[in-house]
Amino acid sequence: MKRIGIVLIALLALQTLSAEVIVMKSGKRYSGEIVFQNEEVIIIKDATGTRFQCPMADVLSIGSTPMEQTEMVTQLANSEIVVPTKRVSLSIEAVGGAITLPREQWGGYVDANFIIGSRRIKDKNILLGGAVGYLGGFFKETTYSFIPIQFVARVPLMNTQRAPQVNFSIGYGIAASKNYKGGLHAAVDVCYRYQMNEKSAVLLGVNVLFQQASIATSETIDGYTYTSSELSGRGFIGIGAKVGIVF
């Protein structure tokens with residue numbers, strides 16, 4: 001009885017599937033009604049009303065495929081659900097901007113990250129993964145550097161070719177400079193994302209970061225050198241411009 005119900009649902013779905021089927025060069029398929037098409041993009045609306053925008057350069061074919069639809073009904077009848085493979089994505093991001101040690105001084109910083117993770121979460125270009133990076137900067141008389149190890153999330157706010165995106169990173173920054181100790185590393189970005197094709201995208205945006213640090217200070221009294229660390233409440237706060245590319 002359950003299987004008969006699944007078959008009936010599948011047969012009803014064929015009313016939409018028989019409209020148009022877009023096959024991408026990557027193997028992904030979209031079924032529904034084409035609502036817009038030109039030389040650059042095609043937009044298709046599925047049975048739920050969700051719209052998908054695809055670059056024409058990535059489209060392999062457009063049309064109805066009765067044989068494939070029949071095979072889909074067979075799969076549904078056997079309770080076989082095909083889930084698209086989550087692809088691994090690589091991303092390289094770089095930031096440059098101004099940084100401050102609150103209430104003391106201002107300087108500059110550069111931040112670069114290499115990110116690897118799983119993309120297309122819930123059929124969206126959401127990336128979850130890990131990152132390793134380099135954070136370095138300078139004040140008037142000092143320089144510093146950290147190696148941040150992070151968990152990252154990259155979340156587009158729209159499933160379109162051009163979309164705003166919010167990025168989150170949190171982890172630990174390992175100090176790579178003498179007289180420094182590392183600590184919490186966190187960053188938030190607001191970006192513009194342009195999906196060039198099915199695999200690649202570019203990012204432009206604004207980055208805000210925080211790097212907790214303990215700074216060791218030395219003082220010589222009566223010929224003896226004393227070293228102390230300022231631990232609590234110390235951290236660098238930076239704001240800068242970000243550029244990135246996703247593969």
Side-chain angles (χ1 to χ4, degrees), residues 22 24-28 30 38-43 51-60 84-99 108-138 145-174 176 185-211 236-247:
I22 299 177
M24 309 299 293
K25 294 178 181 178
S26 65
K28 189 173 181 62
Y30 298 95
N38 61 19
E39 295 180 354
E40 297 182 355
V41 300
I42 183 169
I43 299 175
R51 300 191 178 201
F52 300 93
Q53 179 173 303
C54 308
M56 288 298 295
D58 296 334
V59 174
L60 180 64
T85 302
K86 294 178 181 178
R87 296 186 297 274
V88 173
S89 180
L90 304 177
S91 178
I92 299 174
E93 300 174 357
V95 180
I99 200 163
Y109 79 102
V110 293
D111 182 27
N113 289 287
F114 178 79
I115 300 166
I116 183 170
S118 177
R119 61 183 292 188
R120 303 226 40 103
I121 306 298
K122 294 185 178 180
D123 203 33
K124 299 182 183 296
N125 284 320
I126 297 175
L127 186 150
L128 297 177
V132 60
Y134 171 81
L135 171 62
F138 56 90
S145 59
F146 295 88
I147 306 298
I149 308 298
Q150 311 151 70
F151 170 78
V152 301
R154 304 293 185 251
V155 184
L157 301 183
M158 299 171 61
N159 196 28
T160 57
Q161 186 178 25
R162 298 174 177 85
Q165 176 171 302
V166 179
N167 303 332
F168 304 94
S169 303
I170 189 165
Y172 187 89
I174 303 171
H185 179 92
V188 177
D189 311 329
V190 178
C191 295
Y192 167 83
R193 178 191 178 104
Y194 176 71
Q195 191 73 32
M196 296 185 292
N197 51 50
E198 188 73 9
K199 297 181 179 180
S200 303
V202 293
L203 305 174
L204 294 173
V206 177
N207 168 265
V208 177
L209 69 80
F210 171 79
Q211 174 62 58
F236 300 104
I237 299 175
I239 181 169
K242 164 170 280 192
V243 60
I245 183 167
V246 182
F247 302 97

Next on the checklist: Let's go through F236 and L135 carefully: what are the C-alpha distance in whole Å and the side-chain angles of both, what is the deciding distance for side-chain contact (heavy atoms from CB on, under 4.5 Å) to 0.1 Å, and is it a yes or a no?
Outcome noted: CA-CA 11 Å; F236 300 104; L135 171 62; over 6 Å; no
With the side chain counted from C-beta on, respond yes when [X] and [Y] share a heavy-atom pair under 4.5 Å apart, and no when they do not.
X	Y	result
F114	L90	yes
I22	F52	no
R162	P156	no

Checklist outcome for this item: Value for CD (Q53) from OH (Y30), rounded to nearest 0.5 Å, stands at 10.5 Å
Checklist entry - Which value, rounded to the nearest 0.5 Å, describes the distance between L157 atom CG and T160 atom OG1? => result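 These two atoms lie 9.5 Å from each other.
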Considering all heavy atoms, the nearest [X]-[Y] contact:
X	Y	value
A57	K25	O-NZ, 2.7 Å
Q195	S200	NE2-O, 3.3 Å
A187	N207	CB-ND2, 3.9 Å

Checklist entry - Has the side chain of N38 got a donor or acceptor atom that lies under 3.5 Å from a matching backbone atom of E40? => result yes
Checklist entry - Is there a donor-acceptor pair closer than 3.5 Å between any side-chain N or O of Q211 and the backbone N or O of H185? => result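 Here the side-chain-to-backbone pair does not exist.
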Partner residues of [X] under the side chain to side chain contact (heavy atoms under 4.5 Å, CB included) criterion, sequence neighbours left out:
X	result
F210	L184, Q212, I237
M56	Q37, I42, V59, I62
D58	M24, P55, N197, E198
V188	F168

Item to check | All side chain to side chain donor-acceptor pair (under 3.5 Å) counterparts of Q165, not counting sequence neighbours | outcome: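 Partners of Q165 by the side chain to side chain donor-acceptor pair (under 3.5 Å) criterion, ordered by chain and then number, come out as N167, R193.
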May I have the list of side-chain donor-acceptor pairs in residues 126-134 shorter than 3.5 Å, sequence neighbours left out?
none

Return a table of donor-acceptor pairs under 3.5 angstrom between the side chains of residues 239-247 and protein atoms on other chains or two or more places apart.
unit_1, atom_1, unit_2, atom_2, d
K242, NZ, E93, OE1, 2.7
K242, NZ, D189, OD2, 2.3

